[in-house]
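Quick note on labels: first sequence line is chain A, next is B, and so on, each numbered from 1.
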Amino acid sequence: MKLTTYNLNGIRARLPRFLEWLERERPDIVCLQELKCATELLPTADVEALGYQGVWHGQKGFNGVAILARGEQPQLRREGLPGDPDDTHSRYIEAEVAGLIVASIYLPNGNPVGTEKFDYKIRWMERLREHSDTLLREERPVVLAGDWNVVPEDRDVFSIGATAHDAVTQPATRDQWRRLANGGWTDALRAFHPEDPKLYTFWDYTAGCWQRDLGFRLDHLLCSPEAADRLRGAGVDRWARGEEKASDHAPTWIELA
DNA sequence: ATGTCAATTTTAAATTGA
């Protein structure tokens, strides 16, 4: 079974490319982020025409997450993270699908550092860690998939100097990432590519970053021990980033037994 | 700050959020 996470950067702007990718790769489960579309305007019929059903958590203008499955209706468990009733951003959705618990995560970007946006990011990560601990205690296969807006280590970005002031590389961001992951999660992509020096999932639109392979590893799939036992592979659909009108992220996936 | 992009409003040019 293949489970892919994909930050679309606008599902309406990306629709033809997205549907082509879906037909070509045929993943069993898809976690989407940055739909940038109100729930009532989502192109759900186009997705259903390809045999997928979903749970959707849209928002006008920005954010927005979803979980799709081929030939199965995911069962919604939760929209939004617990811990802050004033948080209205559509950044988290969780469902039961194919015997797994799956979350689609769009973690706050947090730029610029030193502002309320960065504080929101760190608080959001604290809330995610608390919820992830709750999920681990279920002792079931769980996959936390999405755009984490975290560069876990220096080697996960083309230049740590050029990105020293970016929220995705800050020590406080990495501290939160490590505290969460060290609770018992497996970073599946790195586990299958332990020595790859250019294991990237995002390339900025500016400055010819894609053409020069100046990327970041921001999209992650964290597996609970019960899910990690079933891991058989992980990778990045780099080809999709090179298409016309591509998202700035590439689809990132795992294979599970 | 940007060799950029999408959505939205202040609607055809500026603002927000990547």
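- If you measure from atom CG of L214(A) to atom C1' of dT2(B), you get 14 Å, rounded to the nearest angstrom.
- Here the straight-line distance linking atom CD1 of I93(A) with atom CZ of R77(A) works out to 12.5 Å at 0.5 Å rounding.
- Within the structure, the ring pair (Phe, Tyr, Trp, His ring centres under 6.0 Å) test picks out the following pairs touching residues 68-109 of chain A (sequence neighbours left out): F62(A)-H89(A), H89(A)-Y120(A), Y92(A)-H131(A).
- Screening residues 141-167 of chain A for salt bridge (charged side-chain N to carboxylate O under 4.0 Å, His left out), with sequence neighbours left out, gives E153(A)-R155(A), D154(A)-R174(A), D156(A)-R190(A), D156(A)-R217(A).
- A heavy atom lying under 4.0 Å from DNA chain B marks the following residues of residues 13-22 of chain A, by number: A13(A), R14(A).
- Within a 6.0 Å sphere centred on CZ of R179(A), heavy atoms belonging to other residues, nucleotides or ligands number 12 at most.
- Atom CG of L222(A) and atom CG of L144(A) lie 5.5 Å apart (nearest 0.5 Å).
- The separation of dT16(B) from dT2(B), taken at their P atoms, amounts to 15 Å, rounded to a whole angstrom.
- Checked options T5(A), N7(A), N63(A); the residue passing with Q33(A) is T5(A) (criterion: side chain to side chain donor-acceptor pair (under 3.5 Å)).
- Comparing dA12(B) with dA7(B), their C1' atoms sit 15 Å apart, to the nearest whole Å.
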Where along nucleotides 8-18 of chain B does protein come under 4.0 Å, by heavy atom, of base (B) or sugar-phosphate alone (S), with - for untouched nucleotides?
SS-------BS

Using a 3.5 Å cut-off and no angle test, enumerate the donor-acceptor pairs between side-chain atoms of residues 250-257 of chain A and protein atoms at least two apart in sequence or in another chain.
from: T252(A); atom 1: OG1; to: A250(A); atom 2: O; distance (Å): 3.2
from: W253(A); atom 1: NE1; to: D237(A); atom 2: OD1; distance (Å): 3.0

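- Put simply, NZ on K245(A) is 14 Å from P on dT4(B), counting in whole angstrom units.
- Atoms CZ (F202(A)) and C1' (dT4(B)) sit 10 Å apart, rounded to a whole Å.
- Here, dT8(B) and dG3(B) have their C1' atoms 25 Å apart, quoted to the whole Å.
- Here the separation of dA6(B) from dT11(B), taken at their P atoms, is 23 Å to the nearest Å.
- Nearer the 5' end of DNA chain B, as judged by each residue's closest nucleotide, is the contact made by A162(A), out of A246(A) and A162(A).
- Side-chain contact check for W210(A) and D248(A): no donor-acceptor pair (N or O, by modelled atom type) lies under 3.5 Å.
- For residues 47-75 of chain A, every residue pair satisfying the salt bridge (charged side-chain N to carboxylate O under 4.0 Å, His left out) rule, not counting sequence neighbours, is listed here: D28(A)-R70(A).
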